[in-house]
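Position 1 is the first residue of the sequence, and the numbers go up from there.
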Amino acid sequence: MDLAYYCIPIEFGTPEYDETVRLRYDILRKPLNKSFEEHDLALEYDAIHIACYEVRTMELVGCLILKPAVDGSIKMRQVAIADNVQRKGVGTIMVRYAEAFASKFGFEKMELHARITAVDFYIKNNYSKQGKVFQEVGIDHYYMFKMLNGQ
């Protein structure tokens, strides 16, 4: 039986936000022997923070950040899915939620820097890869994007 998940925006600096920082550390930073510096997190105050929970247990299973840009686009960052629910559809649920959220607020284009290991996931979710591979946080990434609202 599939578990049901739901996503909601959460506020910066709240206990829910702190929980997403722990998940992002465990999934994204710890494997690279990196930590979050206080000044890095302070830069997230004006971002949109999305958390995804398992309905029955209310357990945090995923999170991401949306950072608006001045050109009508929005950047998806720091997408993290708990190990115990990876490959169970949580990422797709979160990405679709983020796209609908961004579209509702008038953003026309979702952009992201995908780790090599996530490129196929984003392609399956109709993102386009552009340019050459580049290094970010010491690992290979591609710039990817998707036009929202069918544009």
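- Using a 3.5 Å distance cut-off with no hydrogens or angles, the side chains of Thr14 and Glu11 do not pair a donor with an acceptor.
- For the salt bridge (charged side-chain N to carboxylate O under 4.0 Å, His left out) condition, the pairs that include at least one residue of residues 111-122, sequence neighbours left out, are Lys109-Glu111.
- The hydrophobic cluster containing Ile8 also contains Tyr17, counting ILVMFWY residues as joined when their side-chain heavy atoms lie under 4.5 angstrom apart, directly or transitively.
- Counting heavy atoms from C-beta on, the side chains of Tyr97 and Tyr6 never come closer than 4.5 Å.
- Here the straight-line distance linking atom CE of Met94 with atom CZ of Arg96 works out to 13.0 Å at 0.5 Å rounding.
- To the nearest 0.5 Å, atom CG of residue Asn84 and atom CD of residue Glu59 are 5.0 Å apart.
- Using a 4.5 Å heavy-atom threshold, the side chains of Gln130 and Met144 count as separate.
- Atom CE of residue Met147 and atom CG of residue Asn126 lie 13.5 Å apart, to the nearest 0.5 angstrom.
- Hydrophobic clustering places Leu66 together with Ile93 (ILVMFWY residues linked when any side-chain heavy atoms are closer than 4.5 Å, directly or through intermediates).
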* Take Leu148 and Met110 through the test side chain to side chain contact (heavy atoms under 4.5 Å, CB included) and record every step on the way to the result. => CA-CA 7 Å; Leu148 305 174; Met110 183 74 75; 4.2 Å; yes
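- Nearest heavy atoms, Gly62 versus Leu60: O-CD1, 3.3 Å.
- In this structure Lys129 satisfies the side chain to side chain donor-acceptor pair (under 3.5 Å) test with no other residue, sequence neighbours excluded.
- Under the 4.5 Å side-chain heavy-atom criterion for ILVMFWY residues, no single connected hydrophobic cluster contains both Met58 and Val90.
- Residues Leu41 and Val21 are in side-chain contact: their nearest non-hydrogen atoms beyond the backbone lie under 4.5 Å apart.
- Test Phe121, Tyr122, Tyr142 against Tyr127 for ring-ring contact (aromatic ring centres under 6.0 Å, His included) and you get one pass: Tyr122.
- Rounding to the nearest 0.5 Å gives a distance of 11.5 Å between CD1 of Ile48 and CE of Met76.
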* Could you walk me through whether Ile139 and Ile116 pass the side chain to side chain contact (heavy atoms under 4.5 Å, CB included) check? -> CA-CA 8 Å; Ile139 57 176; Ile116 290 287; over 6 Å; no
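- Gln86 contributes a side-chain N or O that, together with a main-chain N or O of Ile81, makes up a donor-acceptor pair within less than 3.5 Å.
- In this structure, Leu28 and Val79 approach most closely via the heavy-atom pair CD2-O, 3.6 Å.
- For residues 64-85, the set of pairs meeting the salt bridge (charged side-chain N to carboxylate O under 4.0 Å, His left out) definition, not counting sequence neighbours, comprises Asp46-Lys67.
- Rounding to the nearest 0.5 Å places CZ of Phe12 at 10.0 Å from OG1 of Thr20.
- For the pair Glu37 and Ser35, the tightest heavy-atom approach, listed with the atom from each and the gap, is OE2-OG, 3.4 Å.
- Ring planes of His113 and His141: perpendicular class, angle over 60° (limits at 30 and 60°).
- The two residues Ile74 and Ala102 make their nearest non-hydrogen contact at CG2-CB, 3.7 Å.
- With salt bridges taken as basic N to acidic carboxylate O contacts below 4.0 Å, none links Glu19 and Arg24.
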* Asked: Hey, mind stepping through Tyr53 and Glu16 against side chain to side chain contact (heavy atoms under 4.5 Å, CB included) and telling me if it holds?
  -> CA-CA 11 Å; Tyr53 296 93; Glu16 294 82 9; 3.8 Å; yes
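- A distance-only check finds a donor-acceptor pair linking the side chain of Glu54 to the backbone of Arg56 [under 3.5 Å].
- Contact check for Phe107 versus Pro68: side-chain heavy atoms found under the 4.5 Å cut-off.
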* Report the C-alpha distance between Ile50 and Cys63 in whole Å, list the side-chain angles of each, state the deciding distance to 0.1 Å, and finish with yes or no for side chain to side chain contact (heavy atoms under 4.5 Å, CB included). => CA-CA 5 Å; Ile50 308 262; Cys63 59; over 6 Å; no
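- Shown here for Asp26 and Pro31, the closest heavy-atom pair between the two residues is O-CD, 3.5 Å.
- Among all heavy-atom pairs drawn from Phe101 and Phe105, the shortest one is O-CD1, 3.1 Å.
- With rounding to the nearest 0.5 Å, the separation of SG in Cys52 from CG in Leu64 is 9.0 Å.
- Atom OH of Tyr45 has 12 or fewer neighbouring heavy atoms from other residues, nucleotides or ligands inside a 6.0 Å radius.
- For the pair Val85 and Tyr5, the minimum side-chain heavy-atom distance is below 4.5 Å.
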